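Since the structure comes first, as structure tokens, the remarks are kept for the end.
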Amino acid sequence: MKYKSTRGGVAGLSFKQAVMMGLADDGGLLIPESIPLVDNRLVKWASLSYPELASEILSLFCDDIPRPALDDLVARSYASFDDDKVVPVKALQDLYVMELFHGPTLAFKDVALQLLGNLFDYILEETGTHMNILGATSGDTGSAAIAGVRGRANIDIFIMFPDGRTSPVQELQMTTITDANVHNIALEGSFDDCQGIMKTVFSDLEFKQQYQLGAVNSVNWARVLAQVVYYFSAYFQLGSPGAFQAAVPTGNFGNIFAAYLAREMGLPLQRLVLATNANDILARFFATGVYERGDVHFSYSPAMDIQVASNFERYLYYSLECDGAKVKAAMQQFTETGRLDLPFNTPGFDNTFVAASATDADTVDTIRTVYQQQGYMLDPHTAVGVHVASQYLMDDVPTVCMATAHPAKFPDVVEQALPGESVSHPAIEALSDLPTRKHQLGADVESVKQFIASQTAH
Ligand SMILES: *Cc1c(COP(=O)(O)O)cnc(C)c1O
């Protein structure tokens, strides 16, 4: 399988090259040249373990890693999960939830970042090279990326977060990882400052080259691919129904794009239910056909506080007849005007998706009612998904909502929904006894560059 850019300026990359490139050099996103169909494999795959299933699916997209090596790195990636099924499906009254939070940082990003860490390591080992990962986080991505690469000889990771503005749990999940290759940068500034600095450092091509900078953000193809796997697992855990639908709490459109891809591969996903919080650019798009930037609102589901969804461009590519020139023009229009008017600009143009948003009040209500009536505790992100999914339930088609984080990561919202009810997880309780390390830096590009240079001299 070869990879190309959504904007038409890059083509013919191997899987390994696509993983190492991250963002395509022409500013687009990397996608496979074609989407493999699963055909009758669905029957054969029904009895596989999660790592076996992941290897089968990955091997359809990756022909430059020998199968035994692929099997090995996939097995190692999911050995760190604390459930036999890796991503178990649980039945609630009206719908199912798929728990994607059994990895080391208790959020679904572990599913992709545990694999990406092993992939990077494998590729660097093979070429005898070293890379420095630079990332910016408002919380969840940073800890999952660190957990994916801690202790690796060929990788140093630098994660910038806004000092004092992540939740205490999120900060501890990063700063208690004191492996020598992990560099937590507590920046005196906002998350936007962190992201701005990251973009500026990456745009200095000489610096990027000299320090072999790499990225782990959600545009990396391997992250999408790792997420395709659990939609297949959901189908098998539901007993291979004739059709099912998935509800996905959405921010950057990475998770739900993986569902879209699984559907294109032939998984009988009848409909995708896209759930947003007050940051509803995507819900508005699927309701009206207009993609228009708004202001970022801070909500109880912070990992979804995103206005411009970086993975949306992949979906655009398929909607614009796989025409790179059209995607390029559309993205240019969006950058210039903050608005996209698409040729398929009519409500309901794509019946694959339905979408709606949930307020903070809906989120809290959903956590409360589901717990009181069914004894199951949702995290705020999953609650957004369940709230929206409940508007789109179907009689004969089961619905599975992706549970993207463990509620113990967000004790304040749980406390508000269920006063006096405590929520805990041993992995989080253990954090308060561990030593921490972070480097405080001012919010300027030069300090960050100097810091990277000083730490990689070894
Ligand atoms: C990242 C994240 C999301 C959003 O996922 P996208 O792939 O960006 O749409 C939802 N919930 C949680 C808990 C997350 O960490």
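Owing to the predicted nature of the structure, the values given are computational and were not obtained by experimental measurement. One-based numbering, in listed order, for ligands and for the atoms of each.
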*Find the distance between CD1 (Ile197) and CD1 (Ile185) and round it off to the nearest 0.5 Å.*
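Nearest 0.5 Å value for the CD1-CD1 distance: 9.0 Å.
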[atom]: nearest protein contact (heavy atom, Å):
atom                   : value
atom 9 (O) of ligand 1 : Gly251 N, 2.8 Å
atom 2 (C) of ligand 1 : Lys109 NZ, 2.5 Å
atom 3 (C) of ligand 1 : Phe108 CE2, 3.5 Å

Indicate yes or no: does an N/O atom of [X] lie under 3.5 Å from an N/O atom of ligand 1?
X      : answer
Asp140 : yes
Thr404 : yes
Ala405 : no

*Is it true that Ser218 lies under 4.0 Å from ligand 1, counting heavy atoms only?*
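The answer is no: ligand 1 sits nowhere under 4.0 Å from a heavy atom of Ser218.
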Subset of ligand 1 atoms that lie under 4.0 Å from at least one heavy atom of [X]:
X      : result
Gly254 : 6 (P), 7 (O), 9 (O)
Met304 : 10 (C)
Ala303 : 2 (C), 12 (C), 14 (C), 15 (O)
Pro249 : 4 (C), 10 (C)
Thr250 : 9 (O)
Asn255 : 7 (O)

Classify the angle between the aromatic ring planes of [X] and [Y] as parallel (below 30°), tilted (30 to 60°) or perpendicular (above 60°).
X      : Y      : result
Phe312 : Phe285 : perpendicular
Phe61  : Trp221 : tilted
Phe101 : His406 : perpendicular

_Given Val248, Val224, Asn252, identify the one with the heavy atom nearest to atom 8 (O) of ligand 1._
Asn252
Atom [atom1] of [X]: over 12 foreign heavy atoms under 6.0 Å:
X     : atom1 : result
Tyr96 : OH    : no
Lys90 : NZ    : yes
Lys16 : NZ    : yes

*asked:* Aromatic contact between Tyr315 and Tyr291, with the criterion being ring centroids under 6.0 Å apart: yes or no?
replied: no
_Heavy-atom pair of closest approach, residues Glu188 and Ala443_ =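 Heavy atoms of Glu188 and Ala443 come nearest at O-CB, 3.3 Å.
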